[in-house]
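Working notes for the structure below.
If you read the sequence from its start, that first residue is 1, and numbering goes on from there. Hydrogens, waters and symmetry mates play no part in the numbers below; they use all other heavy atoms, side chains included.
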Amino acid sequence: MAAHCSGCVVLSADSAGQLFNCAVFDPHSGSEFLSYRGGNTSSRSLTVLNGEYILGAQLGKNFINVWEIQRKDQLQQKIVCPGIVTCLCASPDGLYVLAGIAEAIYLWEMSTGNLLAILSRHYQDVSCICFTDDSSHFVSGGKDNLALIWNLSSVVQLDSSRTPEPRHILSRHSLPITDIHCGLMGPQARVATASLDQTVKVWEVSSGEMLLSVLFDVGIMSVTFDPCEYFLFCGGSDGNIFQVSLCSTSLSRDKTFQTDSDGNQVFKGHRNLVTCLSVSMDGTLLLSGSNDETVRMWDVQSKQCIWSINHKGPVTNAVIIPAPANMFLADSHPAVPLPRFSRHLNPSEQGDGTGSGGMCLRLGADTQPEGTYLEKADELYSLMCAVTDKSVFGDGENTKVRVSELEEEVKTLKKINKDLYEFSTQLLTKPN
């Protein structure tokens, strides 16, 4: 079993929770490796935190079930939330957790358990949340037909008087959004949104521009790319999975799906709506989960089903993930214990502190020339995101000037960072 640790595994869950809450399977044979018991997990609400914990929002209840990844038999703890969690996502870097609760998005910091932000820009329930692979942005979709792209650094800010705003509002869908998938490349990534309006749309994270809209003859319940973004895979409410070629020379911005010899094909086998899709890192395998209570693995090239696993209820989550190192090591332990999650934005004011003795450091005015540290970081980040914008570069002379300005900026930020580090070190090592 340890041989599989270097590869990938399948993680899936169903709404019944009779056999297990969620289970881990071999992607090649479909044989079960592990199962985690206790409760059942709602759709779009199963996530792995930092390769050390599995978090699953309890179906119809206001708490999140948590397991240490190597302790499959013991429900580790429950995180009580302010309401029923409709979707859940941990950042790939393991530092943050996002939860959709009614029409709001809650953001927790994992090192302290502090609730950093409550984002209320959706008008109806949030249905799905997805981080970019570098954790710099996240995208939320709702029953209000909107998808919002958020820059994490502008959401995690010390100035509580400023309400965080989404970087882009994607408002071209006409019915609720059912699924979101972010491709690779961080702030330069593309993101796909699926909707009951029978379309899947592809957008650019950096500009918010719509690159492609594909119309189907059924509502689309799930969507994913392969890692190279040769294909878009769309799960239909009729059980079909549609493969859309993104490399076709005749691709227009708006198209209606039709099968052809150019890579636009259909995977047939599910008997009910397809709730989740995931592609292996090498792009050869496609995993699907359905309300027909099965999880299927497909060979992308031949469109043949390799194996099928029967669940005891509609499949709510199914994903191919790299096997976490601790998953098959029974005597391993998480490097960092999970903190108590705060339910209030200002825990000290609400008597809801984490008890960790943590503190918030703000840099003095003399070390903050022209704006706060976070504002500077945000400004630099925006410039990095704008590398495709011609106006940043212009002619060669302007480029040199801009580069030297940015180098100065980086020096200043490094000095601030060093000062902060030295101050923290003195504080921590000072004898009582």
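- Side-chain N or O atoms of T224 include none that pairs as donor or acceptor with a backbone N or O of S278 at under 3.5 Å.
- Side-chain atoms of S135 and P92, non-hydrogen and from C-beta on, do get closer than 4.5 Å to each other.
- Separation of atoms CG (L115) and CZ (R343) is listed at 11.0 Å; rounding is to 0.5 Å.
- When atom types are taken as modelled, the side chain of H168 and the backbone of S206 share a donor-acceptor pair closer than 3.5 angstrom.
- The shortest side-chain heavy-atom distance between M210 and L170 does not fall under the 4.5 Å cut-off.
- In this structure, R121 pairs ionically with E165, as a charged nitrogen and a carboxylate oxygen lie closer than 4.0 Å.
- Here the rule is ring pair (Phe, Tyr, Trp, His ring centres under 6.0 Å) with H181, and of F131, W203, F225 only F225 fits it.
- When the ring pair (Phe, Tyr, Trp, His ring centres under 6.0 Å) test is applied to W298, the partners found at least two apart in sequence or on another chain are F267.
- Between the side chain of N21 and the backbone N or O of A13 there is no donor-acceptor pair closer than 3.5 Å.
- The heavy-atom pair separating L95 from S91 by the smallest distance is N-OG, 3.2 Å.
- Applying the salt bridge (Lys or Arg N to Asp or Glu O under 4.0 Å) test to E229 and every residue at least two apart in sequence or in another chain returns R190.
- Under a 3.5 Å cut-off, the side chain of N114 and the backbone N or O of S342 do not form any donor-acceptor pair.
- With hydrogens and angles ignored, the 3.5 Å screen pairs a side-chain donor or acceptor of D144 with a backbone N or O of Y123.
- Counting non-hydrogen atoms of other residues, nucleotides and ligands closer than 6.0 Å to NZ of K61 gives a total of 12 or fewer.
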**Prompt:** Hey, mind stepping through M327 and I69 against side chain to side chain contact (heavy atoms under 4.5 Å, CB included) and telling me if it holds?
**Reply:** CA-CA 5 Å; M327 183 171 268; I69 208 148; 3.8 Å; yes
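- At least one donor-acceptor pair closer than 3.5 Å links the side chain of D133 to the backbone N or O of G186.
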Listing, residues 79-89 side-chain donor-acceptor contacts under 3.5 Å, not counting sequence neighbours, or none:
residue: T86; atom: OG1; partner: G100; partner atom: O; Å: 3.0
residue: T86; atom: OG1; partner: V126; partner atom: O; Å: 2.6

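- Minimum heavy-atom separation, S245 to N264: N-OD1, 2.9 Å.
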**Request:** Evaluate side chain to side chain contact (heavy atoms under 4.5 Å, CB included) for V156 paired with Y96, printing each intermediate quantity in order.
**Result:** CA-CA 10 Å; V156 183; Y96 302 96; 4.1 Å; yes
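- Of the inter-residue distances, the one linking W307 atom CH2 with S31 atom OG reads 9.0 Å to the nearest 0.5 angstrom.
- Within the 4.5 Å cutoff, no side-chain heavy atoms of S111 are placed close to those of V336.
- Just one residue in the list L34, L46, L49 forms a side chain to side chain contact (heavy atoms under 4.5 Å, CB included) with I54, and that residue is L46.
- Taking the side chain as every heavy atom from C-beta outward, P227 and V279 approach each other to under 4.5 Å.
- In terms of modelled atom types and a separation under 3.5 Å, the side chain of S237 and the main chain of V218 share no donor-acceptor contact.
- A search for ring pair (Phe, Tyr, Trp, His ring centres under 6.0 Å) contacts involving F257 returns F216, F242, not counting sequence neighbours.
- Across all their heavy atoms, S308 and T294 have their closest contact at OG-CB, 3.8 Å.
- Residues satisfying the salt bridge (Lys or Arg N to Asp or Glu O under 4.0 Å) test with R44, not counting sequence neighbours, are D179.
- At a threshold of 4.5 Å between non-hydrogen side-chain atoms, the residues I321 and V9 count as touching.
- Side chains of Q304 and D299: a donor-acceptor N/O pair is absent below 3.5 angstrom, by distance only.
- Among all heavy-atom pairs drawn from M297 and I320, the shortest one is CE-CD1, 4.1 Å.
- Of all heavy-atom pairs between S261 and Q265, the closest is CA-NE2, 4.3 Å.
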**Request:** Take S290 and N272 through the test side chain to side chain donor-acceptor pair (under 3.5 Å) and record every step on the way to the result.
**Result:** CA-CA 6 Å; S290 168; N272 205 328; 5.6 Å; no
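- For K418, the salt bridge (Lys or Arg N to Asp or Glu O under 4.0 Å) partners two or more places apart in sequence, or in a different chain, are E422.
- Panel note: side chain Y106, backbone I101; no donor-acceptor pair is recorded below 3.5 Å.
- N65 has its side chain within reach of K78: a pair of non-hydrogen atoms, C-beta onward, lies under 4.5 Å apart.
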**Request:** Would you sort out whether T193 and V223 count as a side chain to side chain contact (heavy atoms under 4.5 Å, CB included), showing the intermediate values?
**Result:** CA-CA 7 Å; T193 54; V223 67; over 6 Å; no
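- Remark: I129 CD1 to I105 CD1 distance equals 5.0 Å, nearest 0.5 Å.
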**Message:** Between S213 and R172, is the side chain to side chain contact (heavy atoms under 4.5 Å, CB included) condition met? List the steps.
**Reply:** CA-CA 9 Å; S213 179; R172 303 280 288 271; over 6 Å; no
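- Closest heavy-atom contact between G263 and Q243: O-NE2, 2.7 Å.
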